[in-house]
Amino acid sequence: MTQKPASRIVHINGWPGTGKLTVGRLLAKRLGARLIDNHMLLNPAEALFARSNPLHASLREQVRRAVFDHAVRADPAESFVFTDALADDADDRATFSCYLDLAAARGADLVAVLLDCAPEENARRLVAPGRSEALKLTDTAKLQQLRANCKLLRGLAEQTVEIDTTELSPEETAARILAHLGF
């Protein structure tokens, strides 16, 4: 008989504007998990430095490392929902390995969720009210460039679910993820 993991880690990856934070909030509430949005890790660097400044990447990495170091020591029953925008490149695969290491250190299940939507819908969502105030990407040309030149990181966890959110509400998307998790 296998023992149930003490906690669960859900990693939501997707392009900016695909609904990661909204869905993450719904999941965290339903799972009784802690939500760690990628902007919690990114915004301190965004506030202090331009992305072209090497100090931006340095601070972002230090914040991420501190959060992960502390998450390892959190209550063993604690679950986490993370959001991210990781591309399929060496740097972002290395970043994802932090989630694999965290899950292993906590004895937790890691479920990778990939959210995507049609490019037109993605561009529409990108300019939603409140995004710029949260230091989120709102430049549709930048999004188009990202989608044209990068692929989303997918399939690096034992459990993976991919969802096209084009026609789905955040509640429907969260319900599909919860169904995958057995809820």
Side-chain angles (χ1 to χ4, degrees), residues 7-25 27-28 33-76 78-116 122-123 125-128 130-158 160:
S7 67
R8 173 177 284 136
I9 297 170
V10 178
H11 177 266
I12 304 172
N13 190 39
W15 300 116
T18 54
K20 299 181 301 288
L21 178 55
T22 304
V23 171
R25 285 181 178 138
L27 285 176
R34 300 217 178 250
L35 175 64
I36 302 174
D37 176 53
N38 61 318
H39 284 278
M40 289 178 177
L41 307 177
L42 178 64
N43 286 358
E46 287 288 311
L48 292 171
F49 306 106
R51 284 201 182 207
S52 58
N53 186 325
L55 291 173
H56 183 282
S58 172
L59 178 55
R60 190 173 67 222
E61 178 56 32
Q62 286 182 24
V63 170
R64 181 180 295 274
R65 189 176 19 238
V67 168
F68 277 71
D69 287 348
H70 285 75
V72 166
R73 299 185 303 227
D75 183 317
E78 196 75 61
S79 291
F80 296 95
V81 175
F82 288 89
T83 68
D84 234 327
L86 299 179
D88 191 357
D89 62 31
D91 288 340
D92 285 355
R93 282 191 296 277
T95 296
F96 189 80
S97 71
C98 294
Y99 295 100
L100 293 167
D101 294 345
L102 177 62
R106 293 182 56 76
D109 275 341
L110 173 62
V111 179
V113 176
L114 181 79
L115 300 184
D116 201 356
N122 198 180
R125 293 178 186 179
L126 198 73
V127 295
R131 283 188 59 87
S132 64
E133 291 83 4
L135 302 179
K136 293 183 168 200
L137 181 68
T138 57
D139 183 344
T140 56
K142 177 68 174 167
L143 174 66
Q144 185 177 16
Q145 179 185 14
L146 284 170
R147 291 183 68 104
N149 297 322
C150 302
K151 289 183 179 184
L152 287 171
L153 185 64
R154 58 179 16 101
L156 295 184
E158 199 169 299
T160 302

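- Here D116 pairs with R147 under the salt bridge (Lys or Arg N to Asp or Glu O under 4.0 Å) rule; sequence neighbours left out.
- In plain terms, the two heavy atoms of P44 and H39 that are nearest each other are CD-O, 4.3 Å.
- Sparse packing is recorded around CZ of R34, with 12 or fewer heavy atoms of other residues, nucleotides or ligands lying under 6.0 Å away.
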After noting the C-alpha distance and the side-chain angles of F82 and F68, does the key distance pass the ring pair (Phe, Tyr, Trp, His ring centres under 6.0 Å) rule?
CA-CA 11 Å; F82 288 89; F68 277 71; 5.3 Å; yes
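- Using modelled atom types, one side-chain atom of D139 and one backbone atom of A141 make a donor-acceptor pair closer than 3.5 Å.
- A pairwise comparison of heavy atoms in A33 and V81 identifies CB-CG2, 4.0 Å as the closest pair.
- Residues L146 and W15 approach most closely at O-CH2, 3.5 Å, considering heavy atoms.
- Between T138 and S132 the shortest heavy-atom distance is CG2-N, 3.7 Å.
- Ring-centre distance between H11 and F80: not below the 6.0 Å cut-off.
- The minimum heavy-atom distance between R131 and R125, with the atom names listed, is CD-O, 3.4 Å.
- Considering every non-hydrogen atom in both A66 and H70, the closest pair reads O-ND1, 2.8 Å.
- Proximity of a side-chain donor or acceptor of S58 to a complementary backbone N or O of L55 within less than 3.5 Å is not detected.
- Of the possible polar contacts, one joining the R106 side chain to the A74 backbone as a donor-acceptor pair under 3.5 Å is found.
- Summarising the geometry, atom CG belonging to L21 is positioned 6.0 Å from atom CG belonging to L35; distances are rounded to the nearest 0.5 Å.
- Using a 4.0 Å cut-off between a side-chain N of Lys or Arg and a carboxylate O of Asp or Glu, R93 and D88 qualify as a salt bridge.
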Under the criterion side chain to side chain contact (heavy atoms under 4.5 Å, CB included), I'd like the reasoning laid out for L102 against I9: C-alpha separation, chi angles, the key distance, then a yes or no.
CA-CA 9 Å; L102 177 62; I9 297 170; 3.6 Å; yes
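- Every residue was checked against the salt bridge (Lys or Arg N to Asp or Glu O under 4.0 Å) condition with R60, not counting sequence neighbours, and none meets it.
- In terms of the side-chain contact (heavy atoms from CB on, under 4.5 Å) criterion, residue partners of V127 (sequence neighbours excluded) are, by chain and number, T140.
- Using a 4.0 Å cut-off between charged side-chain N and carboxylate O, D69 and R64 make no salt bridge.
- Between the D84 side chain and the G14 main chain, no donor and acceptor come within less than 3.5 Å of each other.
- Here CG of L42 is found 12.5 Å from CE of M40. Values are rounded to the nearest 0.5 Å.
- For the residue pair E46 / H56, a side-chain donor-acceptor distance below 3.5 Å is found, with atom types taken as modelled.
- A donor-acceptor pair is defined here as one N or O able to donate and one able to accept, closer than 3.5 Å; no such pair exists between the side chain of R8 and the backbone of S79.
- Under a 3.5 Å cut-off, the side chain of T160 and the backbone N or O of L156 do not form any donor-acceptor pair.
- The backbone N or O of D92 lies less than 3.5 Å from a partner atom in the side chain of D89, making a donor-acceptor pair.
- Side-chain contact check for V10 versus L27: some heavy-atom pair is nearer than 4.5 Å.
- Other residues, nucleotides and ligands place no more than 12 heavy atoms under 6.0 Å from the CD atom of Q144.
- Checking each of T18, D37, N13 against T83 for a side chain to side chain donor-acceptor pair (under 3.5 Å) leaves exactly one that passes, namely D37.
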